[in-house]
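Chain letters run A, B, ... following the sequence lines, proteins first, then strands; residues in each count from 1.
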Protein chains: 2
Amino acid sequence: MKKMGGATPNALLGLLSIHPMSGYDVRQLIPRSIGNFWNESYGQIYPALKQMSVAGMVSKKTERQKGRPDRHVYSLTEDGRAQLREWLEVPVEHEVRRNELLLKVFFGGQAGPGAIRRHVEASLEKNLAELKLYTAMEKQLRKEEAHDPQLPYWLMTLNAGRHLSSATVRWCRETLAELDRLDAAVLVKGTAVKKVAGKTKRRKS
Amino acid sequence: MKKMGGATPNALLGLLSIHPMSGYDVRQLIPRSIGNFWNESYGQIYPALKQMSVAGMVSKKTERQKGRPDRHVYSLTEDGRAQLREWLEVPVEHEVRRNELLLKVFFGGQAGPGAIRRHVEASLEKNLAELKLYTAMEKQLRKEEAHDPQLPYWLMTLNAGRHLSSATVRWCRETLAELDRLDAAVLVKGTAVKKVAGKTKRRKS
DNA sequence: GGGTGCATGTAATGGGTTACATGATTCT
DNA sequence: AGAATCATGTAACCCATTACATGCACCC
């Protein structure tokens, strides 16, 4: 059995472990499953499935269709399942996840007035929206997949999303307050002060 | 002035905005500045500095040294500063940050007993350690850089790290509790339980 | 003598997205 | 008529890490 170091093929094995699928199906499934913390594009999926097929991790069955191209449905082999289990044992190593928002905040002193505030506000909105989405997804999952033995694990990842998003929301609010304080300090010291953006847009919700 | 789309050159401009530096210096500075949410390797830094020099974003001065190779010290030009300011205005777009821990948790149903728990415990430890580090860093920053006008922004990113890490800690604890509950449920169901490693196979919706 | 730090850089390799190419079907 | 969906795949490109290559100084 060959080594499968990369996370991508293992992620695919994981998805195929739910049920047999085509490459197209995999791509469609992602946003409704691991989409909040993982992504794969067609450019990764199709070649990876082919390689894994050669390596004996998956077996392929071709379903012919009228008009449309054939569906190549892949399912896990025993080797594939073993490989997945093995990979799941390997400790995850820490990688620095890049966060462009924080990068810009770090250099905020160089930015024009209001730029950082706008970014933080956008992040706040985004994370509030995500929070709503998570609770909706949870309800749906609990209903539709009530009997799936994997449900608890799916809920754990949803819960992670909730914790992360709500922490980000809290940070955004604190940061906006801090930005207010900074602006105020500048005003006090201030030379010629006119109408620097002091308004925080309050909108729909 | 050329377009600089990628975040890497702009991150370098940002670091050079603190004070002029060599490529080597940049690399050394990263872990003590943006290291918690950004990284650049020599393989990126040196070519990028060269390109930016050609593009007129930075100017290079060579300091000769005894024995050691020359230091190439780069500083921002006006164009570079403008480019940085411009980039700081551009809204950050959402990218799905990959999280291998969550990926493994999602497929936890396929894992051997204890594997997921070990990963979550490791994450808990890691984040607790990071929390300690953040408070230490904050103290140090407040002392050493007390007069730097950029300090507030640096503290904001530190604060983000704190929020993120402590959210992760909370999630880890909740998740460990949930894993306990799952294990207990399995024990209850498994009337004739002997070898835990037994069979959870045979599942198909 | 050997490891570490200073200091530069390039090349190989891997990972990943986007754009391209094809083509029928179904919906608006 | 035109767009979206189904369905496959490849090629070009971008981005990033790692390994390699060099070489002196300093410390143990």
In whole Å, I'd like the distance from the [atom1] atom of [X] to the [atom2] atom of [N].
| X | N | atom1 | atom2 | value |
| --- | --- | --- | --- | --- |
| Gln51(B) | dC14(D) | CD | C1' | 12 Å |
| Tyr74(A) | dA7(D) | OH | P | 14 Å |
| Lys60(A) | dA7(D) | NZ | C1' | 13 Å |
| Gln65(A) | dA7(D) | CD | P | 5 Å |
| Tyr24(A) | dC6(D) | OH | C1' | 5 Å |
| Tyr46(B) | dT8(C) | OH | C1' | 5 Å |
| Glu63(B) | dC6(C) | CD | P | 15 Å |
| Arg27(B) | dT8(C) | CZ | P | 14 Å |

The complete set of side chain to side chain donor-acceptor pair (under 3.5 Å) pairs with one or both residues in residues 147-157 of chain B, sequence neighbours excluded, reads none
I'd like to know if the side chain of [X] and the backbone of [Y] have a donor-acceptor N/O pair within less than 3.5 Å.
| X | Y | value |
| --- | --- | --- |
| Ser53(A) | Leu49(A) | no |
| Thr135(B) | Lys132(B) | yes |
| Trp171(A) | Met156(B) | yes |

Is the distance from OP1 or OP2 of dT10(D) to the nearest side-chain N or O of Lys50(A) less than 4.0 Å? yes
Given salt bridge (Lys or Arg N to Asp or Glu O under 4.0 Å), test Glu138(B) with Arg142(B) step by step and report yes or no.
CA-CA 6 Å; Glu138(B) 183 175 344; Arg142(B) 280 191 193 279; 3.0 Å; yes
Return all side-chain donor-acceptor pairs below 3.5 angstrom for residues 103-112 of chain B, not counting sequence neighbours, or 'none' if the list is empty.
{"residue": "Lys104(B)", "atom": "NZ", "partner": "Trp87(A)", "partner atom": "O", "Å": "2.9"}
{"residue": "Lys104(B)", "atom": "NZ", "partner": "Val90(A)", "partner atom": "O", "Å": "2.6"}
{"residue": "Gln110(B)", "atom": "OE1", "partner": "Arg81(A)", "partner atom": "NH1", "Å": "3.0"}

Please list, one pair per line, the donor and acceptor atoms closer than 3.5 Å that link side chains of residues 32-43 of chain A to other protein atoms, with sequence neighbours excluded.
{"residue": "Arg32(A)", "atom": "NH2", "partner": "Gln28(A)", "partner atom": "O", "Å": "3.4"}
{"residue": "Ser33(A)", "atom": "OG", "partner": "Leu29(A)", "partner atom": "O", "Å": "3.0"}
{"residue": "Ser33(A)", "atom": "OG", "partner": "Ile30(A)", "partner atom": "O", "Å": "3.2"}
{"residue": "Trp38(A)", "atom": "NE1", "partner": "Glu40(A)", "partner atom": "OE2", "Å": "2.8"}
{"residue": "Asn39(A)", "atom": "OD1", "partner": "Arg27(A)", "partner atom": "NH2", "Å": "3.2"}
{"residue": "Glu40(A)", "atom": "OE1", "partner": "Thr8(A)", "partner atom": "OG1", "Å": "3.4"}
{"residue": "Glu40(A)", "atom": "OE1", "partner": "Gln44(A)", "partner atom": "NE2", "Å": "3.4"}
{"residue": "Glu40(A)", "atom": "OE1", "partner": "Arg98(B)", "partner atom": "NH2", "Å": "3.2"}
{"residue": "Glu40(A)", "atom": "OE2", "partner": "Thr8(A)", "partner atom": "OG1", "Å": "3.0"}
{"residue": "Glu40(A)", "atom": "OE2", "partner": "Arg98(B)", "partner atom": "NH2", "Å": "3.1"}
{"residue": "Tyr42(A)", "atom": "OH", "partner": "Gln28(A)", "partner atom": "NE2", "Å": "3.2"}

Original post:
Between Arg117(A) and Asp183(A), is a side-chain contact (heavy atoms from CB on, under 4.5 Å) present by the stated rule, with each step listed?
Top reply: CA-CA 11 Å; Arg117(A) 149 165 283 119; Asp183(A) 288 352; 3.2 Å; yes
Walking DNA chain D from its 5' end, the first of Arg71(A) and Pro47(A) to be reached, judged by nearest nucleotide, is Arg71(A)
side-chain hydrogen bond (donor to acceptor under 3.5 Å, both in side chains) filter on Glu89(A), not counting sequence neighbours, yields Arg118(B)
Angle between the two end axes of the helix from dG1(C)-dC28(D) to dT28(C)-dA1(D), five base pairs per end, rounded to 10 degrees?
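Between the first-five-pair axis and the last-five-pair axis there is 30°.
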Readout for nucleotides 16-26 of chain C: B = base within 4.0 Å of protein heavy atom, S = sugar-phosphate only, - = neither; 5' to 3' it is BBB----BS-S
